[in-house]
Engineer: 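After the structure tokens below, expect a handful of questions from me.
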Amino acid sequence: MRRRYLVLLVVAVLALALPLAGCGSEASDGAPDVDATLLLDFQPNAVHTGIYMAISRGYDTALGVHLRVRVPTGSTDAVKLLASGRADLAVLDIHDLALARERGRDLVGVMALVQTPLAAVFAQPPNRTPRDLEGKRVGVTGLPSDDAVLRSIVAGAGGDPGKVHVTTIGFTAVRSMLTGRVAGATGFWNAEGVALRARRPQIREFRVDDYGAPAYPELVLTVTRETLQDRPSLVRASVAALARGYEEVLSDPENGVSALVEAVPGLDRAQVQRELDEVSPSFTVGARGFGELNRPRLEAWARWEQRFGITKHRPQVGLAFDGRYVPKPGRD
């Protein structure tokens, strides 16, 4: 009799414990209930307003995911942080995604933040074309995509990228250009470009799509294949929350600016507004809605990526991108 009582007691305890095992992981309706780290590609600027808007308005928590934004430093390797699990999601430059995959990292882009290239090379006024940077010092952040973009722009202008003296300057393109430390620098026209033109309008700006690049989504929200397979509810909730945040920014840009400058001390509101005015058309141009990963555009990008030597082999679009979680236009 005593043994039977102990067996029943153990069964009862296990019955109570089992429902608790899933607490904080996934709700009964399939929605997650988790904290998730989102790594940016760069210092916060207007291209990230939708992320901060989503968090400010609580769109993430309403869907069961609590996004924590992490800002990179000059030495941050987003690919390693994703692969090691120290970041759940990351905003990656599309070239960094392609290069990481070529090196064996199974990363997958799940949403586009913009629909056009943002990459550019900036040059001091005496340099009239990217070819003029041969024999001169040009700064890069240290990310693989910077070297690739610099090579493609110089080559696209008929120059020899091998003759450019590349130096790593981290995220200091604006300061390095204004102080004359470098003759040129890589960066994004919507961020560093806006800042440089405000201070020194005569600085040259060479956009990558003016030198042979097709339209492609420069910045892509990225996860590991493991996350995509094992935590689809996290991906779905994060994509939906961020898409709503960006849609709100497009309809209410003033509050989009407020969400960013209130969350990130030290940002200049007027500067952020100029950046947003410049980049906001790129959020949806040529797309059916925010976040779309357009297969024909990505195939054109993949051909260009290989042709200009950014990757040795053509990226496999079907494996590198999965846009199933991007909300369809007109769907809540």
Side-chain angles (χ1 to χ4, degrees), residues 40-42 45-51 53-54 91-98 108-121 145 148-149 152-153 156 187-194 205-222 238-253 256 273-308 310-311 314-332:
L40 301 184
D41 59 300
F42 189 63
N45 62 77
V47 80
H48 305 122
T49 48
I51 296 172
M53 176 70 97
V91 177
L92 285 188
D93 186 289
I94 194 171
H95 307 300
D96 291 329
L97 171 58
V108 185
V110 293
M111 182 176 72
L113 268 65
V114 292
Q115 296 293 331
T116 64
L118 302 177
V121 170
S145 58
V149 165
S152 65
I153 290 177
F188 282 176
W189 51 256
N190 62 293
E192 293 97 334
V194 172
E205 179 180 281
F206 308 123
R207 298 189 182 188
V208 69
D209 46 340
D210 288 333
Y211 293 89
Y216 61 76
E218 181 81 50
L219 299 177
V220 183
L221 184 69
T222 304
S238 299
V239 168
L242 296 179
R244 187 176 179 189
Y246 277 93
E247 288 163 359
E248 283 295 306
V249 169
L250 287 168
S251 64
D252 189 0
Q273 185 65 64
R274 287 193 294 269
E275 292 174 356
L276 185 58
D277 290 342
E278 188 85 2
V279 78
S280 59
S282 184
F283 289 158
T284 54
V285 64
R288 290 172 294 180
F290 179 82
E292 181 185 20
L293 290 167
N294 181 278
R295 183 66 179 259
R297 283 189 174 194
L298 291 171
E299 292 288 0
W301 159 79
R303 292 190 293 271
W304 176 84
E305 198 85 350
Q306 181 188 23
R307 181 164 62 91
F308 272 83
I310 296 175
T311 55
R314 183 185 300 182
Q316 295 178 285
V317 170
L319 294 176
F321 302 94
D322 187 340
R324 79 179 81 175
Y325 298 121
V326 175
K328 299 297 186 294
R331 187 182 74 182
D332 294 333

Engineer: Measure across Ser282 and Val285 and return the closest heavy-atom pair with its distance rounded to 0.1 Å.
Structural biologist: CA-CG1, 3.9 Å
Engineer: Using atom types as modelled and distance alone, determine if a side-chain donor or acceptor of Glu218 lies under 3.5 Å from a backbone N or O of Ala119.
Structural biologist: yes
Engineer: Pro315 versus Trp301: any side-chain heavy-atom pair under 4.5 Å?
Structural biologist: yes
Engineer: Phe188 and side-chain contact (heavy atoms from CB on, under 4.5 Å): which single residue from Leu118, Val194, Val114 fits?
Structural biologist: Leu118
Engineer: Apply side chain to side chain donor-acceptor pair (under 3.5 Å) to Arg274 and list each qualifying residue two or more places apart in sequence or on a separate chain.
Structural biologist: Gln271
Engineer: Minimum heavy-atom separation for Gly109 to Leu293, with atom names?
Structural biologist: O-CD1, 3.5 Å
Engineer: Output the distance between atom CG (Leu40) and atom CG (Leu92), rounded to the nearest 0.5 Å.
Structural biologist: 11.0 Å
Engineer: Of all heavy-atom pairs between Val317 and Ala302, which one has the smallest distance, and what is that distance?
Structural biologist: CG2-CB, 3.9 Å
Engineer: I'd like to know if Arg295 and Glu299 make a salt bridge, using a cut-off of under 4.0 Å between side-chain N and carboxylate O.
Structural biologist: yes
Engineer: Report yes if some heavy atom in the side chain of Val249 is under 4.5 Å from a heavy atom in the side chain of Ser280; otherwise report no.
Structural biologist: no
Engineer: Please give me the minimum heavy-atom distance between Val208 and Pro117, naming the atom from each residue.
Structural biologist: CG1-CB, 3.5 Å
Engineer: Applying side chain to side chain donor-acceptor pair (under 3.5 Å), can you list everything that pairs with Trp189, at least two apart in sequence or on another chain?
Structural biologist: none
Engineer: Go through the steps to decide whether Tyr325 and Ser238 satisfy the test side chain to side chain contact (heavy atoms under 4.5 Å, CB included), and finish with yes or no.
Structural biologist: CA-CA 9 Å; Tyr325 298 121; Ser238 299; over 6 Å; no
Engineer: Below 4.5 Å, heavy atoms only, C-beta onward: do Ile51 and Leu242 meet side chain to side chain?
Structural biologist: yes
Engineer: For Asn294 and Arg288, run side chain to side chain contact (heavy atoms under 4.5 Å, CB included): C-alpha distance rounded to whole Å, both residues' side-chain angles, the deciding distance at 0.1 Å, then the answer.
Structural biologist: CA-CA 9 Å; Asn294 181 278; Arg288 290 172 294 180; 5.6 Å; no
Engineer: Would you say Phe283 and Val47 make side-chain contact, with heavy atoms under 4.5 Å?
Structural biologist: yes
Engineer: Do you know the tightest heavy-atom contact between Ala191 and Phe42?
Structural biologist: CB-CE2, 4.5 Å
Engineer: Using 4.0 Å as the upper bound for N to carboxylate O, is an ion pair formed by Asp322 and Arg324?
Structural biologist: yes
Engineer: Below 4.5 Å, heavy atoms only, C-beta onward: do Thr49 and Val279 meet side chain to side chain?
Structural biologist: no
Engineer: Taking side chain as C-beta onward, heavy atoms only, is Ile94 less than 4.5 Å from Leu298?
Structural biologist: yes
Engineer: Return the CD to CZ distance between Glu305 and Arg314, rounded to the nearest 0.5 Å.
Structural biologist: 11.5 Å
Engineer: Would you compute the distance between atom CD of Glu205 and atom CG of Asp210 and round it to the nearest 0.5 angstrom?
Structural biologist: 9.0 Å
Engineer: Measure across Gly286 and Arg297 and return the closest heavy-atom pair with its distance rounded to 0.1 Å.
Structural biologist: CA-NH2, 3.2 Å
Engineer: Any side-chain heavy-atom pair from Tyr211 and Val121 closer than 4.5 angstrom?
Structural biologist: no
Engineer: Taking the side chain as C-beta and beyond, is there a heavy-atom pair between Pro327 and Val239 under 4.5 Å?
Structural biologist: yes
Engineer: Between Gln115 and Glu292, is there a donor-acceptor pair closer than 3.5 Å when you use the side chain of the first and the backbone of the second?
Structural biologist: yes
Engineer: I would like to know whether Tyr246 and Leu113 meet side chain to side chain contact (heavy atoms under 4.5 Å, CB included); could you show each step before the answer?
Structural biologist: CA-CA 9 Å; Tyr246 277 93; Leu113 268 65; 3.3 Å; yes
Engineer: Rounded to the nearest 0.5 Å, how far does CG of Asp277 lie from CG of Asn190?
Structural biologist: 12.0 Å
Engineer: Once you measure the plane-to-plane angle for His95 and Tyr216, does it fall in the parallel (<30°), tilted (30-60°) or perpendicular (>60°) bin?
Structural biologist: perpendicular
Engineer: Could you list the residues that satisfy side chain to side chain donor-acceptor pair (under 3.5 Å) with Asp96, not counting sequence neighbours?
Structural biologist: Ser145
